[in-house]
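One structure below.
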Amino acid sequence: MRYWFLVVMVACLAAVSPVHAKSEPIASTYDDIVVYEAAKIITMEPGYPQAKYVAVSDGIVVAVAQNLEELAPWTDGRRVTVDRQFASQVLMPGFVEPHIHPMQTIMMLPLPFISPEAWDLPGRHYPGVKGEEEYDARLREALAESEEELFITWGHHRLFHGEMTRQKLDAIAPDRAVVIWQRSFHEIIANTKALELLDIGTQKAFVAEFDRPGIDPSHADFATGVIHETALFNGVEKLRPYLFSPQKMQQGLVEMRQMMLENGVTTSADLAFGGFGGIEAEAPLFKSFYDQDDTPSRILAIPVAPSVEGDPNDWLARTSGKYGSEKFFFSDRVKLFADGAFFAQFMQMNPPGYSDGHEGKWITEPDVLEEQAKRFWDAGWSLHTHVNGDKGADVLLGILERLPEREAQDRVLEHLGYSTEAQNRRIGEMGLMVSAQPNYIRILGDAYARSGLGPDRAAQMNRLGSLERKGVPLGLHSDFNMAPIDPLYLAWVASTRITLEGNEKAPQERLSLEKALRAITIEAAQVIGLDDQVGSIASGKKADFVVLDRDPFASGAKALNDVQIHGVIFEGRWFSAQ
């Protein structure tokens with residue numbers, strides 16, 4: 001199966017159409033200088049916060065300045081081109097996306113979205129869908145529009161669309177194989193025809209498929225057709241032939257590249273490398289994709305813990321030597337998982353728990369999580385841990401406190417959907433960092449107030465203002481498709497806290513505009529250990545800039561969603577978003 005998957009991926013790469021650069025690659029020495037002029041250059045460097053000119057050579061920034069005369073040490077006696085095409089526009093550092101899943105992205109982009117919120121994806125728009133009746137009607141329309149042998153759609157959420165089970169899907173589509181991917185990505189629901197098509201149509205076959213080490217038996221239910229959390233990746237394995245055809249892979253790769261370009265992302269981190277197709281399948285695909293001259297971004301591959309076999313540092317040396325490059329690379333960082341998905345209310349919550357009495361779930365049992373954390377910490381690795389609820393945070397903070405302190409290793413909490421003020425104090429005192437998913441408050445703030453958490457805890461999801469006041473380094477991420485790959489949107493959500501219904505939740509927990517923009521540039525780079533290379537415009541750093549139509553500081557937080565991106569300059573080369 002893995003060999004077949006690799007063949008499909010390599011075949012589709014050859015068909016990916018390039019993004020065309022608007023200029024030739026710059027020379028490989030500092031003898032050739034390109035000076036970009038802008039109305040304003042926002043550097044995100046506290047000691048030199050703005051400029052008007054930036055000089056670039058060999059893919060890096062050689063200097064920033066207020067006027068051309070100041071650049072004389074770098075321009076005198078050299079071949080110099082002054083590029084004034086951005087003279088009326090604003091430059092910022094290329095945006096940093098510290099938590100995406102490229103395999104998930106290219107898997108999901110070709111699917112039809114039926115979600116509570118509207119989505120604008122490359123070449124198409126999906127309106128938001130509310131209510132069970134509206135969802136069922138849209139599902140029937142999408143089925144009628146599709147000739148897929150196995151129809152898969154993403155975005156269902158029971159609090160917006162009603163309960164979804166195998167039996168309900170059978171009633172809607174008795175003669176079609178249908179899989180509903182829940183809004184969290186952590187859960188799928190299959191009807192009877194789909195289970196039969198996937199060769200798990202009997203209870204015996206179904207139980208055998210999910211009776212494997214590391215899978216909680218309660219996470220796969222034959223009666224309802226629900227497969228989630230620890231059973232999900234086995235479910236994805238069954239869906240693989242229908243998700244990863246050459247045509248869909250090509251579409252997903254092209255659209256992912258375009259989405260990153262349109263939203264100004266020049267650096268990202270894969271926080272589940274190896275978790276979908278395995279190292280040997282994923283690495284060649286993404287190395288080939290990112291190593292193309294016309295891919296204007298780079299990515300740090302952070303593996304999931306089970307993918308790292310044997311001694312972690314031996315694994316890193318082998319994998320980096322075999323696959324690593326300038327734009328697809330590795331470091332001593334690993335992804336761990338604590339509790340379950342926030343969008344599915346599977347996060348582990350302390351008392352009073354959930355209003356309906358259900359229990360959260362562990363993706364990794366606490367004792368196993370502690371073993372994993374100790375293994376990688378002892379090897380000198382930094383830890384990135386998926387954690388969503390306050391009970392999950394208590395467990396994780398306890399584990400991290402028991403590790404010996406080492407200044408050279410980072411401990412990053414990923415997502416952190418709900419934390420208490422006391423926990424945020426611990427986070428600050430322990431010197432931890434947070435990579436936050438701010439879209440929880442936008443999509444779920446009202447729904448979780450009515451069901452699950454109640455008004456006070458729901459209002460204080462994404463308690464990011466508290467983290468800012470405690471000086472915690474903070475990145476904002478999409479975890480696509482939990483949110484769009486759109487850093488300015490994430491900054492807008494975090495700095496306004498306006499829900500889908502137009503309510504402003506816990507305004508004291510808004511990020512300042514300065515912190516929100518740092519959280520998609522320099523601090524986003526910091527949480528993945530790349531702030532010495534990207535995230536600000538400074539001498540010696542990568543010459544990555546996003547070209548904006550206005551100054552986001554002048555426009556204010558509420559206008560962040562209106563800022564237009566014209567394209568990016570990646571390592572000194574201009575790529576138009578059009």
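- Checking side-chain atoms of K238 against main-chain N and O of E209 turns up no donor-acceptor pair under 3.5 Å.
- The side chain to side chain contact (heavy atoms under 4.5 Å, CB included) check on E134 picks up V129, K130, with sequence neighbours excluded.
- In this structure, the side chain of R176 does not engage the main chain of P174 through any donor-acceptor pair within 3.5 Å.
- Under the side chain to side chain donor-acceptor pair (under 3.5 Å) criterion, the residue pairs touching residues 143-163 are E148-K248, with sequence neighbours excluded.
- Between E132 and K168 a salt bridge is recorded (basic side-chain N to carboxylate O distance below 4.0 Å).
- Ring-centre distance between F286 and F273: not below the 6.0 Å cut-off.
- Using modelled atom types, one side-chain atom of H358 and one backbone atom of Q345 make a donor-acceptor pair closer than 3.5 Å.
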| task | Walk me through it: do H228 and H219 pass the test ring-ring contact (aromatic ring centres under 6.0 Å, His included)? | result | CA-CA 5 Å; H228 64 273; H219 293 180; 5.0 Å; yes
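- No donor-acceptor distance shorter than 3.5 angstrom exists from the side chain of H415 to the backbone of S435, with no hydrogens or angles considered.
- With respect to R166 and D221, no salt bridge is recorded, no charged nitrogen being found less than 4.0 Å from a carboxylate O.
- In this structure, the side chain of N263 engages the main chain of M259 through a donor-acceptor pair within 3.5 Å.
- A salt bridge is defined here as a Lys NZ or Arg NE, NH1 or NH2 lying under 4.0 Å from an Asp or Glu carboxylate O, and E414 with R333 fails to meet this definition.
- Of the charged side-chain nitrogens involved, at least one lies within less than 4.0 Å of a carboxylate oxygen, so that R138 and E141 count as a salt-bridged pair.
- For the pair K327 and Y290, the NZ or CZ position fails the cation-pi test of under 6.0 Å to the six-membered ring centre and within 45 degrees of the ring normal.
- Looking at R426 and D394, a side-chain N of the basic residue comes within less than 4.0 Å of a carboxylate O on the acidic one, giving a salt bridge.
- Residue E280 is tested with K287, R318, K322 for a salt bridge (Lys or Arg N to Asp or Glu O under 4.0 Å); the sole match is K322.
- The closest donor-acceptor contact from the side chain of Q437 to the backbone of S478 lies under 3.5 Å.
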| ring-ring contact (aromatic ring centres under 6.0 Å, His included) between F376 and W381: does it pass, once the steps are laid out? | CA-CA 5 Å; F376 286 97; W381 285 42; 5.4 Å; yes
